[in-house]
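Position 1 is the first residue of the sequence, and the numbers go up from there. When reading the values below, keep in mind they use all heavy atoms of this one structure, side chains included, and skip hydrogens, waters and symmetry mates.
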Amino acid sequence: MDNKSDLRGERALVAGAGIAGLAAAAALSPYFREVIVFEKDALADEPQVRMGAVQGGHIHTMLRGGEAGLEVLLPGIRQQFLDNGAVELDMGGDYRGHDGGEWREQAFLDMPILMMSRPGYEQVIRNRVTALSNVEIRSGCRVSEILYQNGAAISVRFLNGEDEAVETGALIVDARGRGSLLPVELEKAGFAKVPETTLGIVMTYVSGRFKQGPDCENPNLAMLVRPTAPEPRYGILCPIEGGDWMVTLGGRADTVPPTDYEGFCDYARQLAVPDFYNVFKDCELVGPLRRYKKPTADWRHYDRMENFPARLIPLGDTITSINPTFGQGMTLAVLHALALKAALDAFDIDEPAFANVYFEGAMKVSGAAWQMAGASDLEYDFVTGERPQGFEQMQQFSKGLKLLANNDKDVLRTLMEVFHMERPAADLRSPELAARVMQALGS
Ligand SMILES: Cc1cc2nc3c(=O)[nH]c(=O)nc-3n(C[C@H](O)[C@H](O)[C@H](O)COP(=O)(O)OP(=O)(O)OC[C@H]3O[C@@H](n4cnc5c(N)ncnc54)[C@H](O)[C@@H]3O)c2cc1C
């Protein structure tokens with residue numbers, strides 16, 4: 001940005017170059033003369049599953065709300081996803097969903113989504129952010145601490161190999177993901193304890209990449225087989241770049257999908273419908289079967305602290321790390337970055353409204369995602385965490401809604417738009433829709 005009066009500061013610092021850190025850098029770039037992103041992993045030029053983002057070996061869906069948000073931050077990125085091999089599919093026509101014990105109606109909804117591997121999405125976003133003239137990504141630099149003075153974040157201490165150094169910045173974004181030690185660091189620096197909400201979800205995922213054969217009937221086919229509690233097994237598969245399917249099997253509590261090929265196939269055969277296994281049974285497994293265990297879903301309520309530091313923005317999984325079944329994490333990171341952009345658009349970073357606007361926007365989307373993912377987790381009796389008041393009625397309502405959506409294209413579209421974080425969940429509670437849901441439930 002050339003116009004100095006629009007600047008919010010000389011330099012902004014971002015810890016972490018995952019989806020959240022990259023989206024944040026794109027939001028910060030117009031408002032700071034310089035943006036430095038520190039990433040502990042040594043980043044490669046090619047998409048790869050890396051230590052700092054091991055979840056990249058598992059299925060990742062960029063929801064439509066996330067894609068639209070990225071398009072605001074990095075115009076033209078949709079086309080770049082396509083240029084880099086993203087598979088475009090229709091949420092209704094290509095995406096088959098077996099949910100609540102029956103197949104959803106399969107109908108073209110004109111709701112395209114772009115599917116890639118997570119390393120694939122990240123690489124395209126990183127290339128765009130790297131091309132921003134005032135953004136520098138320092139690969140192989142681990143932030144060891146954020147430093148504070150007079151109640152505000154002022155610098156980061158980082159390690160580049162053996163060398164330790166400190167960089168100062170006017171605004172600091174923590175995008176170190178679910179492993180961020182920010183709550184511990186804040187307490188150590190004399191700030192209050194960060195209130196947290198935790199659900200003991202105990203989920204395990206095992207995923208592999210399978211080459212689609214030459215006889216593949218619909219290379220754009222994606223499929224979700226989601227069980228009804230207490231059944232623990234589920235499966236998701238989707239096409240990704242390079243003519244592959246990414247296949248993920250999930251299990252709850254002690255039910256853990258195996259990482260050997262035969263065991264993986266056996267587990268897939270035990271899903272509620274044979275169709276899932278049939279999609280990839282004749283395809284060649286390329287690369288390893290990877291396992292990821294997620295014991296908890298966590299929400300850190302930085303916004304509820306009375307003395308949260310000024311000039312510090314937590315963003316992405318650093319705030320909320322949820323059950324990925326609904327594929328919301330990357331989209332949340334992008335929507336948090338949009339909330340940051342809205343705050344930067346309107347306020348100087350030292351105005352109280354700056355942090356308020358950011359947290360209000362970020363918490364609204366985190367809350368919506370948390371509610372959706374949490375509601376399905378809490379259906380399982382073993383999951384620890386507080387059930388909201390009226391939870392049983394909520395469960396009934398969502399069961400009725402699914403039944404209705406399975407056979408009604410308009411309801412399915414509304415439900416999908418809410419899932420894709422394009423519209424608020426409140427739209428599912430209109431009196432007219434509520435009456436139809438009650439009818440579907442036979443009451
Ligand atoms: C099995 C599984 C499947 C998922 N599926 C989906 C899906 O379908 N759709 C979806 O949207 N989301 C999905 N998610 C969630 C998604 O991966 C995350 O929500 C999202 O990637 C969050 O991005 P982030 O940038 O906040 O965190 P991360 O991706 O964890 O990135 C944090 C970054 O910070 C770096 N870092 C950490 N510590 C430091 C440090 N001290 N100094 C410097 N750098 C540091 C890390 O190396 C990493 O690059 C899934 C997650 C799992 C586990």
Side-chain angles (χ1 to χ4, degrees), residues 7-18 20-21 23-25 27-29 31-40 52 135-138 141-160 163-197 298-321 333 336-337 339-341 343-344 347-363 366:
L7 284 179
R8 299 293 182 210
E10 283 298 312
R11 184 188 298 136
L13 307 176
V14 180
L28 293 164
S29 162
Y31 296 100
F32 291 84
R33 193 148 329 263
E34 188 185 10
V35 179
I36 304 175
V37 184
F38 299 90
E39 169 53 51
K40 69 175 178 179
V135 178
E136 179 196 354
I137 300 179
R138 292 198 193 160
C141 287
R142 190 172 74 81
V143 171
S144 51
E145 202 181 358
I146 297 173
L147 303 166
Y148 306 91
Q149 201 174 63
N150 301 327
I154 54 158
S155 56
V156 301
R157 193 189 305 282
F158 66 98
L159 279 166
N160 185 358
D163 303 328
E164 193 178 77
V166 170
E167 195 76 71
T168 56
L171 188 70
I172 296 173
V173 172
D174 184 356
R176 286 175 289 178
R178 71 208 168 285
S180 168
L181 294 177
L182 187 58
V184 180
E185 290 171 9
L186 285 173
E187 258 193 282
K188 204 174 122 201
F191 295 94
K193 192 173 171 55
V194 182
E196 291 188 33
T197 307
D298 308 289
W299 187 353
R300 294 158 168 180
H301 304 284
Y302 296 105
D303 56 311
R304 294 189 194 161
M305 285 168 68
E306 272 182 18
N307 63 349
F308 187 76
R311 297 181 169 219
L312 177 65
I313 296 288
L315 200 142
D317 272 21
T318 300
I319 301 179
T320 23
S321 171
H336 287 174
L340 176 59
K341 177 178 155 36
L344 287 165
F347 302 103
D348 186 75
I349 55 174
D350 283 327
E351 289 180 78
F354 171 74
N356 292 343
V357 163
Y358 169 69
F359 277 117
E360 203 176 299
M363 290 312 125
S366 275

**Report entry** Mutual orientation of the aromatic rings belonging to Y358 and H336 [parallel < 30°, tilted 30-60°, perpendicular > 60°]
**Finding:** perpendicular
Report task. Sorted by first residue and then second, give each side chain to side chain donor-acceptor pair (under 3.5 Å) pair with at least one member in residues 309-319; sequence neighbours left out. Result -> R311-D350
Query raised in the report: After noting the C-alpha distance and the side-chain angles of H301 and T197, does the key distance pass the side-chain contact (heavy atoms from CB on, under 4.5 Å) rule?
Result: CA-CA 8 Å; H301 304 284; T197 307; 2.6 Å; yes
Query raised in the report: Do the non-hydrogen side-chain atoms of W299 and I319 ever get within less than 4.5 Å of each other?
Result: yes
Identify all side-chain donor-acceptor contacts of residues 180-193 below 3.5 Å with residues at least two apart in sequence or on another chain.
unit_1	atom_1	unit_2	atom_2	d
S180	OG	D174	OD2	2.7
S180	OG	L182	N	3.2
E185	OE1	R176	NH2	3.1
E185	OE2	R176	NH1	2.9

Report summary line: Between P195 and R304 the two heavy atoms that sit nearest each other are CG-CB, 4.1 Å
Query raised in the report: Looking at side-chain heavy atoms only, is the closest gap between V156 and L13 below 4.5 Å?
Result: yes
Report task. Drop me the distance from F359's CZ to M305's CE, to the nearest 0.5 angstrom. Result -> 9.0 Å
Query raised in the report: Just by distance, do the side chain of E39 and the backbone of A17 share a donor-acceptor pair under 3.5 Å?
Result: yes
Query - Nearest-0.5 Å distance that lies between atom CD in E164 and atom SG in C141 - result: 12.0 Å
Report task. Could you tell me whether a side-chain N or O of S155 sits under 3.5 Å from a main-chain N or O of V166, the two making a donor and an acceptor? Result -> no
**Report entry** Criterion side-chain contact (heavy atoms from CB on, under 4.5 Å) on V135 and V37, from CA distance to verdict
**Finding:** CA-CA 8 Å; V135 178; V37 184; 4.2 Å; yes
Requested in this report: Decide if atom CG of N150 counts as having more than 12 heavy atoms of other residues, nucleotides or ligands within a radius under 6.0 Å.
Outcome: no
Requested in this report: Grab the two heavy atoms, one from G316 and one from A20, that are nearest each other, plus how far apart they are.
Outcome: CA-CB, 3.9 Å
**Report entry** Steps toward side-chain contact (heavy atoms from CB on, under 4.5 Å) verdict (V143, K40)
**Finding:** CA-CA 7 Å; V143 171; K40 69 175 178 179; over 6 Å; no
Requested in this report: Look at the side chain of R138 and the backbone N and O of F38, then say whether any donor-acceptor pair between them is shorter than 3.5 Å.
Outcome: no
Requested in this report: Go through the steps to decide whether L28 and V173 satisfy the test side-chain contact (heavy atoms from CB on, under 4.5 Å), and finish with yes or no.
Outcome: CA-CA 10 Å; L28 293 164; V173 172; 3.9 Å; yes
Report summary line: Minimal heavy-atom distance between A333 and L315, with the atoms involved, is O-CD2, 3.7 Å
Requested in this report: Answer whether the closest heavy-atom distance between the side chains of E34 and E10 falls below 4.5 Å.
Outcome: no
Report summary line: Closest heavy-atom pair, A153 versus L312, reported as atoms and distance to 0.1 Å, is CB-CB, 4.0 Å
Query raised in the report: Could you go step by step and tell me if R11 and E167 meet the salt bridge (charged side-chain N to carboxylate O under 4.0 Å, His left out) rule?
Result: CA-CA 10 Å; R11 184 188 298 136; E167 195 76 71; 3.3 Å; yes
Query raised in the report: Looking only at heavy atoms, what is the nearest atom pair of F354 and D348, with distance?
Result: CB-O, 3.4 Å
Requested in this report: Output yes when a side-chain donor or acceptor of R178 lies under 3.5 Å from a complementary backbone atom of D298, and no otherwise.
Outcome: no
Query raised in the report: If we only count heavy atoms from C-beta on, is the I313 to I172 side-chain gap below 4.5 Å?
Result: no
Query raised in the report: Any idea which heavy atoms bring A27 and L344 closest together, and the distance?
Result: O-CD1, 3.8 Å
